[in-house]
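Report on the following structure.
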Amino acid sequence: MGHAFVVVIGLAIGSFLNVVITRLPKMVERDERHLSLQQLNIEPPQVTPLNLAWPLSFCPKCGASIRWRHNIPVFSWIMLGGRCASCEQPISVRYPIVEATSALLLLILFMSYGPSLEFCFKAFFCLGLIAVAYMDWETGWLPDVATIPLIGAGLLFSVFTVTQLGALSPTDAIIGAVAGYGLFWLLNFVYRGLTGRNGLGFGDFKLVAALGAWLGWVLLPLNLLFAALIAFLFGIYMVVAGTYRRDLGIRFAPFLSVVGIGLLLVRDLGLLPTYLGG
């Protein structure tokens, strides 16, 4: 499998991730709303079917179907000047960023591990974090269907690699997952006791549990520290720029995800001290 082919696959996966980022929160919200109505014995309204496969790609502004030549990852966005071919409204730069980042990450992982089980698992983790980061950034939603598989994959991978020298042990992965969830639950419990409202979403608990399952309990504090520092600096920038909104706060998942991917790659490159898992 050549590097060029891996890049093409990465672009295609990135295009699919854009669909997941856009539709999954809406799907979960719709299902939860319907369930609530059913519990109240209220017939849910008829809605247009929406899943990850249907309807086909369409412009969120005008609803026009996107032709195949306008749906080529990265290149179509550039050729169209970042605008819809039908209504000429701006298309979010998120689309080419996710596609290009997915291709780059897949190439880096392939160059490190080749066509192996490790490549598949770590690609799932990194690409999953991209989707989680953008979902939280845009909607504030971290659906269980996006975070829990990351926890399971991390624990399962530690079992498959238990005999490999230097690999994260299942015990460390379990402790990392439990410690991550427990720490964020405790922080939120204290914050709610002091302020009367939640300071963290329950999706954040599960995301940190996933990071703990992949990085282990030793690296997890480093992940939280760097993510908090970057989030703090970004918050200062937002205040200075006048874009900070107190009702929204600062969504933490994007910073956790970016640092988590970085630590995984840096650890695997052997650039961390031995006592940190390098």
Side-chain angles (χ1 to χ4, degrees), residues 1-17 20-21 73 98-134 145-181 206-224 226-227 253-254 256-278:
M1 182 161 53
H3 293 168
F5 181 71
V6 172
V7 170
V8 171
I9 295 297
L11 289 171
I13 293 176
S15 182
F16 175 71
L17 286 183
V20 173
I21 293 165
V98 169
E99 291 159 355
T101 303
S102 299
L104 178 61
L105 276 174
L106 213 64
L107 179 61
I108 292 173
L109 292 169
F110 183 77
M111 291 174 65
S112 299
Y113 311 113
S116 62
L117 185 67
E118 188 168 8
F119 165 73
C120 294
F121 267 94
K122 291 185 176 178
F124 178 79
F125 173 66
C126 292
L127 296 174
L129 286 183
I130 291 175
V132 162
Y134 265 102
V145 70
T147 54
I148 290 178
L150 293 177
I151 300 174
L155 298 176
L156 187 61
F157 180 67
S158 69
V159 173
F160 285 160
T161 58
V162 66
T163 59
Q164 292 185 13
L165 183 64
L168 191 69
S169 71
T171 300
D172 286 341
I174 292 171
I175 293 174
V178 173
Y181 189 96
K206 294 156 192 167
L207 174 59
V208 177
L211 291 168
W214 277 96
L215 300 174
W217 62 272
V218 175
L219 273 184
L220 184 60
L222 207 57
N223 195 155
L224 300 179
F226 285 153
L256 288 169
S257 299
V258 169
V259 174
I261 293 172
L263 283 175
L264 180 77
L265 297 177
V266 168
R267 181 190 66 187
D268 289 355
L269 289 173
L271 300 180
L272 290 175
T274 303
Y275 60 86
L276 288 178

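Residue numbers run from 1 in the order of the sequence given.
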If you round to the nearest 0.5 Å, how far is [atom2] of [Y] from [atom1] of [X]?
{"X": "Leu105", "Y": "Phe110", "atom1": "CG", "atom2": "CZ", "result": "15.0 Å"}
{"X": "Thr161", "Y": "Phe121", "atom1": "OG1", "atom2": "CZ", "result": "9.0 Å"}
{"X": "Ile130", "Y": "Phe125", "atom1": "CD1", "atom2": "CZ", "result": "11.0 Å"}
{"X": "Arg267", "Y": "Leu168", "atom1": "CZ", "atom2": "CG", "result": "6.0 Å"}
{"X": "Leu106", "Y": "Leu127", "atom1": "CG", "atom2": "CG", "result": "6.0 Å"}

### Query
With no hydrogens and no angle check, is any side-chain donor or acceptor of Ser158 less than 3.5 Å from a backbone partner on Leu155?
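Answer holds: yes.
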### Task
Kindly say whether Phe157 contributes a backbone atom to a donor-acceptor pair with the side chain of Trp214 at under 3.5 angstrom?
no
## Note on the structure
Nearest heavy-atom approach of Ile151 to Ala209 is CD1-CB, 3.8 Å
### Summary
Tightest non-hydrogen contact, residues Leu220 and Gly180, listed as CD2-CA, 3.5 Å
### Query
Which pairs with one or both residues in residues 168-178 pass side-chain hydrogen bond (donor to acceptor under 3.5 Å, both in side chains), sequence neighbours excluded?
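For residues 168-178, and leaving out neighbouring residues, the side-chain hydrogen bond (donor to acceptor under 3.5 Å, both in side chains) pairs sorted by first residue read Ser169-Asp172, Asp172-Trp217.
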Anything under 3.5 Å between a donor and an acceptor, one on a side chain of residues 9-17, the other on a protein residue two or more places apart or in another chain? List them.
none

### Query
Heavy atoms, side chains only, cut-off 4.5 Å: are Leu109 and Leu265 in contact?
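Yes. Closest side-chain heavy atoms under 4.5 Å.
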### Task
For residues Leu224 and Leu256, determine if any side-chain heavy atom of one lies less than 4.5 Å from a side-chain heavy atom of the other.
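In contact.
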### Message
The test is side chain to side chain contact (heavy atoms under 4.5 Å, CB included); show your working for Asn223 and Val208 and say whether it passes.
### Response
CA-CA 9 Å; Asn223 195 155; Val208 177; over 6 Å; no
### Task
Under the side chain to side chain contact (heavy atoms under 4.5 Å, CB included) rule, what do Leu211 and Leu263 come out as? Steps first, then yes or no, please.
CA-CA 10 Å; Leu211 291 168; Leu263 283 175; over 6 Å; no
### Query
Who passes salt bridge (Lys or Arg N to Asp or Glu O under 4.0 Å) against Lys206, sequence neighbours left out?
Asp144
